[in-house]
Amino acid sequence: MISLTGVLGQLFAIALALLLAPLLTGWVNQCRAWLQNRAAPPLLQPYYTLHKLFHKDVVLAHNASALFRFAPFIIFGCMVLACAIIPSLSTDLPFAPAADALALVGVFGLARVFIALAGMDVGTSFGTLGGRREMLIGFLAEPALLMVIFTMAMIAQSTSVATIVETLAHRELVIYPSIAFAGIAFTMVSFAENARVPVDNPATHLELTMIHEAMILEYSGRHLALLEWAASLKLYAYSCLGLALFFPWGIAERDNFLALIAALPVLLVKLVIGGALVALLETINAKMRIFRAPEFLGTAFLLAVLGLLVRLLLESRV
Amino acid sequence: MSQAVPLYAQLINLLAAVILLLGFAMLAQRRVIQLIDLFALQGFALFLSTLVVAVKTGQHHLFYSAGLTLVLKVILLPWILHRLVRKLHIKGEVEGLINIPTTTLIGLGLVIIAFNVATPISQLSSTITRGTLGIALATVMLAFLMMITRKKAITQVVGFLAMENGLFLAATSATYGMPMVVELGIALDVLVGMVILGVFFFQIRDQFDSLDIHHMEQLKE
Amino acid sequence: MSLLPIDSLILAASLWLAIGLGGLFAPRNRRYVSRILFPLGAIVGLAVGFVGLVSLGSPVETATLAIGLPTLPFHLRLDNLAAVFVLLLGFAAAGISTYAAGYFRQGEGMTPGVLNLEYHLFLASMLMVLLADDAYAFMVAWETMALSSFFLVTTDHRHEEIRRAGYLYLLVAHVGAIAILLSFGVMTGGAGDYTFAGMRAQHLSPFWGSVAFLLALFGFGAKAGLLPVHVWLPEAHPAAPSPVSALMSGVMLKTAIYGLLRVSLDLVGTTLWWWGVVALAAGLLTALFGVLYATVQSDMKRLLAYSSIENIGLLVVGIGLTLLFHSYEMEALAALSLTAVLYHCLAHAGFKSLLFLCTGSVLHATSQRSLGKLGGLIGPMPWVAWLALGGVIAGAGLPPLSGFVSEWLLLQAFLFSPGLPHSWLNMIVPAAAAAVALTAALAGFALVKFYGIIFLGQMREPALKDAHDAGPFEKTGLLWLAGLTLALGMLPGTLILRLDAATRQLLGKGLAERVVETGWWLLAPISPERASYAPVLFLLTIVATLLFGRWIVRTLYHGRVRRGPAWDCGYHFQGPRAQDTAEGFSQPIRRIFGPMFRMTRHFPSIRDRQPIYTVKVEDHFWYWLYLPIARVAGAVSSLITRLQGGRIAVYLMYSFVTLILLLLVARP
């Protein structure tokens, strides 16, 4: 079953994720700056930041526990695992059986629990506040994400991400209305999960409405670098998952080396467009009050369930 | 299984789903202006789906009713409503009797009921897009729910109009259209009803200085 | 000499009894009781667990014990379903008893010897419940279990609230027991044969079958904490000493699940589809209710108790799904969801016992149960803190630990529900999965709150600095349970291979072929293309990334660390009180789900010299259901007191009227 191309493709996918993720963040930031009439930071700024942070000493609070020091590595590991499972270039991933789409939600959940706990570890007011809010967003976003996955899984008769993508990419062009619902819900969830504008703002610091930043306030040096990198990886993973589920064309199949080579430019183009869209959506939306977030995510949840129902009504019986 | 479904049916299904989605969006919308815009959008989706049915079946009267939908529901009625909102100085957010998440949850329950109730009826229909019957019914129910849960008279009117959208969808998708006379009659009814309601609004406002239907409870003797 | 598994289990029950009685020789000698008797009990527990494990898949065994009435002996039977729960009981008891050996201290409630007797009686009676093969033996064991646990709950009977909690528990337990007894009565079908074999032989009409099922659901639900008979649970669990809470939550609640499975899938014989719907609805409500209340608690043991209610809800959801599939003869899917139920029973026994025991250690170290007075305990109590983290991850249903496996299996079963041949169910049941997902996510919230507030952050009270870590016995017990949690998370394939025997016995189908096909490391209940999960690979990746990342960062850059005061955006003057309290952490939940709670809040005014904000969250059910019942009961009994005139003439008249009425009615 496990082929050499598969293993190579797998390793390549992971390496690519590690390399591309900060670039994607940089690209989104650049687009955002352009759209907001600001001077844009260089595209490679996230790499510079990571490099700088890795060089710096870690300054730990006196009462920071070992959990605080381990958490960035665990979160980073979770995101690498997520990137390894999600097909970005090829569906031939020997790693994919380790976790299907439901387990993927679990991976994100695990990372979330650790980042929230790490936020609470030092015992500052901002940290606990961030942890609480992160868990709030989490418990609202997770069911919505699961329902999106349920809809897709029912179409493909499988919860394995690779199988879903293969099914969707290699069928005739059929319009599934349920996918439209799932797509919108997924977009909303991924904005919330990646601390993007309507829910959180990645560019702010020291604002009373911050979530992600509040949790990582006490981090510095290599720990902060890993967390930033993990955040980029998360954005990359969600982007790839969205692209794979809703625009699956161009992803290579098993044992197809040529397609694998062709898949890279396709992926890049998709990411460039997707990143620009993220920046656009962030710019045209206003950051909402934290207590609007449940409504926002509730809507996402509703859409996902609606997609499921539409799937059951319209598509299973015709 | 799905591969056998022709493109036009897929398009109609998609548009029906969009109409349902807009129905939910209207249910969850807080602002009056956006509510009217959503209604216009729903009308547009309805217009498109009627057009698809018309092109497919080649029936003339369907083209007419598509045109009627476009003129009436996408342009005329939203325009009247916008004017009303401006004239009456209706501002701010739509007040609801029940909060919005609860309303949408009830809406979800209604969709399940509608889908299941419609299933036996749609078995009778011979058209391939009979699945949309459930969606049409759900749209009607959601509009009904909106009328029940909102306080402002204008949102109730929008709910009433959205209900009509649902009925129209049912007619076109399940039976490829009603007879022209019926359609014209309904269209005219809606228009006249709208005008009368518009007049009423002014009366209500003069009487109570508000458009909150809550005040009308005082009218009982 | 070869000892049959069932005989060895009877032996184990008697050993537990003997150990219990052994404490009476020196009831006040704490060292003797805790250092000798409890470890002995743990060894017996371990043996029981292994017997359960071995007898999974072996043929059914029966035995008859000549106890009780001459014509009515105890019938005992060890089949695969019972074996699963025997396994659960044994392994959980091994960990909890080891812990208990180090836990009970001098001067806490009753004398050690008596406590020891009740504890081991409790264990033995639970074992007998699982082995019982007739209604008589079952009820005797069931009542013994209820009574012994009642005495254990009221160990510290000097407190008024603990006595109240115990009384409530006893009351609900007996209402439930009556329902169970009635259910057995219905299932005999009037034949008067109270053995389970006799009940299986009866063919009940759908009506009487439904009556039996509903009575069983109510009766066992009262023991398990199903809505609306859950009220005793959040009172009794915090009142009991921690090992007892662990035993009750981890094991005793599962005996109720066992009873429900036994009745609905084995004894009744028929299955109607709407039973599944009833169970599904009751389970979903219970799960959502439990988890919402868990998130807003500020007492650590109450939080866990509500979380147990949630888990029971999920188990009943799984049972409902099993019954649904079973009623439509979709046995393979029924087997899938039943596997999820059994797996979750085991997983919950592991992680919930672990968490309860951790609260015990915290309680001993700090004498605080209120979350608002804890914090930062990962410093002085690293063992307890790190082991509790395992319990939290498993309890939140996150990979790669045990809770995730069962949740995953349950969701997989839900994914097949659109195939149900019923036009309403195939739409509603998949949507119900959304509620399950919400429950799981909220459980994460509740447990992050639990862990973060107890173990992380700054210490909220200065006295916490003197907290000490758990002793060697306690550590061993915790380690054992944490190890079980890890093993259940890592080796789902191996265990499902064993559970297959139980599902095969009840439903005729199992998941064994698939597991054998795909290998122990990969869990793929249907096919690897359809769904798969490989926890070992999963954990390895994360650990490998962790180590590799650490190594590479240290090689390329450096590993320097400096310590300094917390930055906190420059607000240095913030002390430990600036952290979120338990109430603060759950404020979003109270706000979003406001109508679900009965809240009384007190806001400070600007003139208060010592402003205090308090919020009290109560259960609606008290006011909607229990207090009205209590009021009606009070009114009825005050009516009855009127009959008691106190005059002899009136009493004579009662007898006389009764006599006349009887003469009139009872004419031949």
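Convention: sequence-line order gives letters A, B, ...; per-chain numbering from 1.
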What part of [X] gets closer than 4.5 Å to chain A, counting heavy atoms only: side chain, backbone, both or neither?
X	value
Pro576(C)	neither
Phe414(C)	both
Leu442(C)	both
Leu389(C)	side chain
Ser532(C)	both
Glu407(C)	neither
Ile378(C)	side chain
Arg591(C)	side chain
Val561(C)	both

Hey, which of [options] has the most heavy atom pairs under 4.5 Å with chain C?
options	value
Phe70(A), Phe68(A), Phe76(A), Phe150(A)	Phe150(A)
Leu129(A), Leu67(A), Val80(A), Leu308(A)	Leu67(A)
Arg222(A), Glu295(A), Met147(A)	Arg222(A)

Given that the side chain runs from C-beta out, which part of [X] has a heavy atom under 4.5 Å from chain C: side chain, backbone, both or neither?
X	answer
Gln157(A)	both
Leu117(A)	both
Arg112(A)	neither
Ala225(A)	neither
Ala66(A)	both
Val122(A)	both
Val107(A)	both
Leu146(A)	side chain
Ile164(A)	neither

Item to check | side chain to side chain contact (heavy atoms under 4.5 Å, CB included) against Arg562(C), all qualifying residues, sequence neighbours excluded | outcome: Asp57(A), Val59(A)
Item to check | Residues of residues 300-307 of chain A near chain C, each having a heavy atom less than 4.5 Å away | outcome: Phe301(A), Val305(A)
Checklist entry - What class does the angle between the rings of Phe455(C) and Tyr451(C) fall in, given that below 30° is parallel, 30 to 60° is tilted and above 60° is perpendicular? => result tilted
Checklist entry - Is the backbone N or O of Glu583(C) less than 3.5 Å from a side-chain atom of Arg590(C), with the two atoms forming a donor-acceptor pair by type? => result yes
